[in-house]
Amino acid sequence: MDTMRDRFAPVVSRLLDEDSRVAVVLAAIGTDGFAGAARRHPGRVVDVGIREQLLVGAAAGLALTGLRPVVHTFASFLVERPFEQVKLDLGHQDAGAVLVSAAASFDWPAGGYTHMAPGDVALLDTLDGWTVHVPGHPDEAETLLRHAVAASDDKVYVRLSVQSNGRALPVDGERFLTVREGRSGVVVAVGPMLDAVLAATEGLDVTVLYATTVRPFDGAALRRATEAAGTDVVLVEPYRAGTSTAAANDALADVPHRVLGLGVGRRELRRYGQVEEHVAAHGLDARSLRERIGSFVGAAVPA
């Protein structure tokens, strides 16, 4: 199966053909995938080189001329390194753009900590007005990319990952999906964490919600789920643990509730190893999740 990033260049190249407002801004990463589109649309595929601050600034300039820029590089170079430009050039100027990242929290361990960005969504959460999509399958990535580009002048972040669920679900760029229903708690699985969460909660009497759009946070879906399943809520996110706990607390502010945020821990892993080793080290494998979720909601977990 191809990866989410494998889908990125073909999908956006087609959007370049279909919509004269679309432009692509790159910083050396991913340029080969747009070679054909650059020949067809000179001036709307721009490579600024390894200059991440310029990457975002140039995108903002294009947006202010009426174009819809799609901006791409690794998450650490797209959100963290040029954060001041994201904050000012896009946010302060109300300039819309679609930021599309690769490498996620630890997709390329061999690249070291410079190429890891478990804090990207939490960092964007300090800014106003961002939509954040976290697809869990290449088909969902294609759908959400199209939603993002079509979202007029909105500021949108699409977080691509090599981690993927086994099958796609019909995502709409807005709402959480109910995947399983129970009566002893609610587990929200974000993007590529769904398969692990389903395996972890097999036989447990919990509701599982699937989230691929985390900002805005679908508090209404969470509230509906807690009406039948109770107000013990577990969030399983593929980035920094606790990123969405405040959003869940706000959604349930008028009822007694508990929220547990699971995700990538703060401790830096300095022996980079493989993706699967990072998943296990942060307790995001199915076995670890089963123990942590079962303990929190008070479910009996068979040995």
Exercise. Verify the neighbour count for atom CZ of Arg258: are there more than 12 heavy atoms of other residues, nucleotides or ligands below 6.0 Å?
Key: yes
Quiz item: Do other residues, nucleotides or ligands put more than 12 heavy atoms under 6.0 Å from Leu88 CG?
Solution: yes
Can we say [X] and [Y] salt-bridge, meaning some charged N sits less than 4.0 Å from an Asp/Glu carboxylate O?
X      : Y      : value
Arg7   : Glu140 : no
Asp153 : Arg21  : yes
Asp107 : Arg159 : no

Exercise. State the CZ-CG distance between Arg215 and Leu124, to the nearest 0.5 angstrom.
Key: 10.0 Å
Exercise. Could you tell me the separation between the CG atom of Leu284 and the CD atom of Glu276, rounded to the nearest 0.5 Å?
Key: 13.0 Å
Practice problem: State whether the side chain of His257 and the backbone N or O of Leu252 hold a donor-acceptor pair below 3.5 Å, judged by distance alone. | Solution: yes
Quiz item: Are Arg175 and Asp218 close enough, and set up right, to give a salt bridge (charged side-chain N to carboxylate O under 4.0 Å, His left out), and what steps lead you there?
Solution: CA-CA 6 Å; Arg175 291 175 286 273; Asp218 190 358; over 6 Å; no
Quiz prompt | Same apolar cluster: Leu78 and Trp130, side chain cutoff 4.5 Å | solution = yes
Practice problem: Grab the two heavy atoms, one from Met4 and one from Pro138, that are nearest each other, plus how far apart they are. | Solution: N-CG, 3.8 Å
Quiz item: For Ser244 and Glu237, does a side-chain donor sit closer than 3.5 Å to a side-chain acceptor?
Solution: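 Yes, because at least one side-chain N or O of Ser244 sits under 3.5 Å from a partner of the opposite role on Glu237.
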Exercise. Any pair with a residue in residues 162-208 that passes ring pair (Phe, Tyr, Trp, His ring centres under 6.0 Å), sequence neighbours left out, goes on the list, sorted by first then second residue, please.
Key: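 For residues 162-208, and leaving out neighbouring residues, the ring pair (Phe, Tyr, Trp, His ring centres under 6.0 Å) pairs sorted by first residue read Phe176-Phe217.
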